[in-house]
Amino acid sequence: MIKLNDVEIKLDKYPDGTFLFKDIPPIGPKNLIEWFFESMEEMSAIIYLTQYCKDQGTKIYLDMPYVPDARMDRVKKRKEIFTLKYFAQIINLLNFEQVEVLDPHSDVSAALFNKVHVESPNRMIEDTVKKIASDNLMMFYPDAGSMKRYSSAVHLPYTFGIKNRDWETGEIKGLDLSGEIDQLPGKDILIVDDICSRGGTFYHSAKKLKEAGVGKIYLYVTHCENTVYDGELLKNNGLIEKIYTTDTILTNLESPKIELVERFR
């Protein structure tokens, strides 16, 4: 979904599949484009809309909370393409006054974009802790990277995971616990990370935590993809009580186990 100055842009199409823009809202000297990512097809719409505003001699700001291609932040094999780099180059060519992103997948994203402002998810994590309202809460971070990024958001005891990954396929085969493991029995747990797709990492985390004797388990992810419905997290397995996330990418809110956390207030 794309908005211009808080008005959703309706993207109609010609028979050949190209975009037809109708009812563009009035623009002013400063304009905000918001891109709530649904597909890379929207990239061309962002380019057209930005150039249209620039032709009017106005300044344009981009709010892109979820960064497309964020997972492809490095090249591991010779024939892979560093897509995040090229995506950032296209955004930079549009010369926005500022590009706002929320909790990008890695520091590489922030380094590649010009005039970028990175919004921290810490306030949203704090709000999630308040929603859970447990006096017996402990934090869990699925790997050392998420521990370093999020452990300062709330001052609660925590443990973290060490993933057992098949490096050929990228599939998570299992997970070991590290940190203050002796405190886990009887604790309620909030798992925190940035992105959830099918939720394999969190499924393995929750299984391991249950084996360690924890109570209720909750999950906060800043960006939750609709593919979460294809995984195990939302099935009636009793592992996850609720998933807290923002509206940056998720469009399917059919499950009562998913609750939105406001990005702004």
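Taking a cutoff of 4.0 Å between a charged side-chain nitrogen and a carboxylate oxygen, Lys207 and Glu232 do not qualify as a salt bridge. The pair Asp127-Arg123 meets the salt-bridge criterion, with a side-chain N (NZ, NE, NH1 or NH2) lying under 4.0 Å from an Asp/Glu carboxylate O.
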Donor-acceptor pairs are to be reported for all side-chain atoms of residues 82-97 against protein atoms at under 3.5 Å, with residues two or more places apart or in another chain.
{"residue": "Thr83", "atom": "OG1", "partner": "Asp69", "partner atom": "OD1", "Å": "3.4"}
{"residue": "Asn92", "atom": "OD1", "partner": "Asn114", "partner atom": "N", "Å": "2.8"}
{"residue": "Asn92", "atom": "ND2", "partner": "Ala88", "partner atom": "O", "Å": "3.2"}
{"residue": "Asn92", "atom": "ND2", "partner": "Leu112", "partner atom": "O", "Å": "3.0"}
{"residue": "Asn95", "atom": "OD1", "partner": "Lys115", "partner atom": "NZ", "Å": "3.3"}

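By the side chain to side chain donor-acceptor pair (under 3.5 Å) test, Glu225 is found to be paired with Arg71, Ser197, Thr227, residues two or more places apart in sequence or in another chain being considered.
Tyr48 contributes no side-chain N or O that, together with a main-chain N or O of Phe21, makes up a donor-acceptor pair within less than 3.5 Å. Looking at Arg149, its side chain never comes within 3.5 Å of a backbone N or O of Asp193 through a donor-acceptor pair. One N or O on the side chain of Asn136 and one on the backbone of Gly186 form a donor-acceptor pair closer than 3.5 Å. Of the possible donor and acceptor atoms, none in the side chain of Thr18 sits under 3.5 Å from a partner among the backbone N and O of Tyr14. Under a 3.5 Å cut-off, the side chain of Asn31 and the backbone N or O of Asn5 do not form any donor-acceptor pair. Between the side chain of Lys22 and the backbone N or O of Lys10, no donor-acceptor pair lies under 3.5 Å.
Hydrophobic clustering keeps Val108 apart from Met72 (ILVMFWY residues linked when any side-chain heavy atoms are closer than 4.5 Å, directly or through intermediates). Clustering ILVMFWY residues whenever any of their side-chain heavy atoms sit less than 4.5 angstrom apart, transitively, puts Val7 in a cluster other than the one holding Leu62. Note on Leu156: it clusters hydrophobically with Tyr220, by side-chain heavy-atom contacts below 4.5 Å among ILVMFWY residues. No single ILVMFWY cluster, assembled from side-chain heavy atoms under 4.5 Å apart, contains both Leu49 and Tyr61.
In this structure, the side chains of Thr128 and Glu259 stay at 4.5 Å or more apart for every pair of heavy atoms. At a threshold of 4.5 Å between non-hydrogen side-chain atoms, the residues Ile217 and Asp188 do not count as touching. The side-chain heavy atoms of Val228 and Asn252, taken from C-beta on, include no pair separated by under 4.5 Å. The shortest side-chain heavy-atom distance between Pro68 and Met40 falls under the 4.5 Å cut-off. Counting only heavy atoms from C-beta outward, the side chains of Tyr203 and Arg198 never approach each other to under 4.5 Å. Using a 4.5 Å heavy-atom threshold, the side chains of Ile195 and Val221 count as separate. Under the 4.5 Å side-chain criterion, counting only non-hydrogen atoms from C-beta, Cys53 is in contact with Leu4. For the pair Ile191 and Leu209, the minimum side-chain heavy-atom distance is below 4.5 Å.
Closest non-hydrogen pair, Thr248 versus Pro65, comes out as CG2-CB, 3.5 Å. Taking both residues in full, the closest heavy atoms of Glu180 and Pro157 are given as OE1-CB, 3.9 Å, listed atom of the first, atom of the second, then distance.
Lys216 contributes atom NZ, which lies 9.5 Å from atom NZ of Lys210 (distance to the nearest 0.5 angstrom). If you take CE on Met138 and CG on Leu190, they are separated by 12.0 Å, rounding to the nearest 0.5 Å. With rounding to the nearest 0.5 angstrom, the CD1 atom of Ile60 is 6.5 Å from the CD1 atom of Ile27. Rounding to the nearest 0.5 angstrom, the gap separating the CD atom in Glu38 from the CG atom in Asn226 is 8.0 Å. Summarising the geometry, atom CG belonging to Leu219 is positioned 11.5 Å from atom CG belonging to Leu239; distances are rounded to the nearest 0.5 Å. Here CG of Leu32 is found 9.0 Å from CD of Glu100. Values are rounded to the nearest 0.5 Å.
Pairs passing the salt bridge (charged side-chain N to carboxylate O under 4.0 Å, His left out) check and including a residue from residues 42-68, sequence neighbours excluded, read Asp63-Arg263. The ring-ring contact (aromatic ring centres under 6.0 Å, His included) contacts involving residues 132-152 comprise Tyr141-Tyr158, where partners must be two or more places apart or lie in separate chains. Residue pairs that meet the ring-ring contact (aromatic ring centres under 6.0 Å, His included) test with at least one member in residues 176-197, sequence neighbours left out, do not exist here.
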- Task: Output, in order, the C-alpha distance, side-chain angles, deciding distance and verdict of side-chain hydrogen bond (donor to acceptor under 3.5 Å, both in side chains) for Thr246 and Tyr244.
- Result: CA-CA 7 Å; Thr246 70; Tyr244 295 92; over 6 Å; no

- Item | Stepwise side-chain contact (heavy atoms from CB on, under 4.5 Å) check, Lys131 with Tyr218 | CA-CA 11 Å; Lys131 285 174 177 286; Tyr218 305 87; over 6 Å; no

- Item | Evaluation steps, side-chain contact (heavy atoms from CB on, under 4.5 Å), between Ile33 and Ile2 | CA-CA 7 Å; Ile33 294 176; Ile2 299 170; 4.2 Å; yes

- Between Ser205 and Ile189, does a side-chain contact (heavy atoms from CB on, under 4.5 Å) hold up when you go through it step by step? CA-CA 11 Å; Ser205 297; Ile189 300 294; over 6 Å; no

- Message: side-chain contact (heavy atoms from CB on, under 4.5 Å) for Leu234 and Ile243? Distances and angles first, verdict last.
- Response: CA-CA 9 Å; Leu234 295 175; Ile243 299 173; 3.7 Å; yes

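With hydrogens and angles left out, the side-chain atoms of Asp194 and Ser146 include no donor and acceptor closer than 3.5 Å.
Applying the 4.5 Å side-chain rule to ILVMFWY residues, one finds Phe36 in the same cluster as Met1.
Shown are Val67, Asp103, Thr245; of these, the side chain to side chain contact (heavy atoms under 4.5 Å, CB included) with His223 is made only by Asp103.
Tyr66 and Phe37 have tilted rings, their planes meeting at an angle from 30° to 60° on a 0 to 90° scale.
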